[in-house]
Amino acid sequence: NDTTYGGSGGSIATTSINVNAALLAQHEYGHSFVNLADEYESAYPSYPSCSDLSGSSPCESNVTNVTSPTQIKWRSWITPATLIPTPNDSLYEGIVGLFEGARYKSSGIYRSGYSCIMRYLGAPFCQVPSQSFVLKLYNGGWGDSGGINLIEPGTTSPAKNITITYPASQVFQATTLSPVGGPL
């Protein structure tokens, strides 16, 4: 019940009642539901490191310290024309690449998108973090649920439009995300 800007992710996502609370909640939910990393560059002394190279403390799904194009965990989302590492330039907005600066470090750790919600409040969840949500829902990973069934059982291509008519008519639309070159 405090209007001071702030929130926290973890086993339970929390946020203040600041005017940005809805946006804060989205960001914190990224930490709590799918274990996304912050993509800030500002130093956070003694923050634990991660490494997808050593395997002893792997990085979250939206960050990595791997720079070899064939080893990047989101490589199937990167087009062949995208530079690796990818320049931190707004020309690359909406492109999946390997952008330096994340997890409270300005160098040596990379994120998948130029400006995603885990970096900038009000930005969208970019492609790779969005995929993390989908994988969490389908693969489970909490309790005994084991995930959800496909939206339309028996197919991996759900209907693009669904209309519900009770108590009032509402049309829901979905766009299926696909990594470059096919599914992971």
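- Side-chain contact check for Ser112 versus Pro129: some heavy-atom pair is nearer than 4.5 Å.
- Distance check: Ile117 CD1 to Leu24 CG gives 9.0 Å after rounding to the nearest 0.5 Å.
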When you look at Arg103 and Glu60, which way does the side chain to side chain contact (heavy atoms under 4.5 Å, CB included) test go after all the steps?
CA-CA 10 Å; Arg103 261 186 137 253; Glu60 297 86 345; 2.8 Å; yes

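- Once rounded to the nearest 0.5 Å, the distance linking OH of Tyr120 with CG of Leu23 reads 15.5 Å.
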Report the C-alpha separation of Thr64 and Leu98 in whole Å, then their side-chain angles, then the decisive distance to 0.1 Å, and conclude whether the side chain to side chain contact (heavy atoms under 4.5 Å, CB included) test is met.
CA-CA 9 Å; Thr64 190; Leu98 193 71; 3.8 Å; yes

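- Looking at Ser115 and Glu93, their side chains do bring a donor and an acceptor atom within 3.5 Å of each other.
- Inspection of the Thr3 and Asn18 side chains reveals no N or O donor paired with an N or O acceptor under 3.5 Å.
- The CZ atom of Phe125 lies 9.5 Å from the SG atom of Cys116; values are rounded to the nearest 0.5 Å.
- For the residue pair Asn88 and Glu100, no side-chain donor N or O sits within less than 3.5 Å of a side-chain acceptor on the partner.
- Ring geometry for Tyr40 versus His27: interplanar angle under 30°, hence parallel rather than tilted (30 to 60°).
- Counting all heavy atoms, side chain and backbone alike, Thr82 lies closest to Val96 at CG2-O, 3.8 Å.
- Judged by distance alone, with hydrogens and angles left aside, the side-chain atoms of Arg75 form a donor-acceptor pair with the main-chain N or O of Ile72 at under 3.5 Å.
- Below 30°, between 30° and 60°, or above 60°: for Phe33 and Tyr29 the angle between ring planes is below 30°, a parallel geometry.
- Separation of atoms CD1 (Ile84) and CD1 (Ile78) is listed at 4.0 Å; rounding is to 0.5 Å.
- Remark: the Tyr104 side chain and the Asp38 side chain contain an N/O donor-acceptor pair separated by less than 3.5 Å.
- A distance of 13.0 Å separates CZ in Arg111 from CE in Met118, rounded to the nearest 0.5 Å.
- One finds the CG atom of Leu91 at 12.0 Å from the OG1 atom of Thr86 (value rounded to the nearest 0.5 Å).
- Donor-acceptor pairing under 3.5 Å is lacking for the side chains of Gln131 and Trp74.
- Side-chain N/O atoms of Asn65 and Ser51 include a donor and acceptor closer than 3.5 Å.
- For Ser132 (side chain) and Ser61 (main-chain N/O), no donor-acceptor pair under 3.5 Å exists by modelled atom type.
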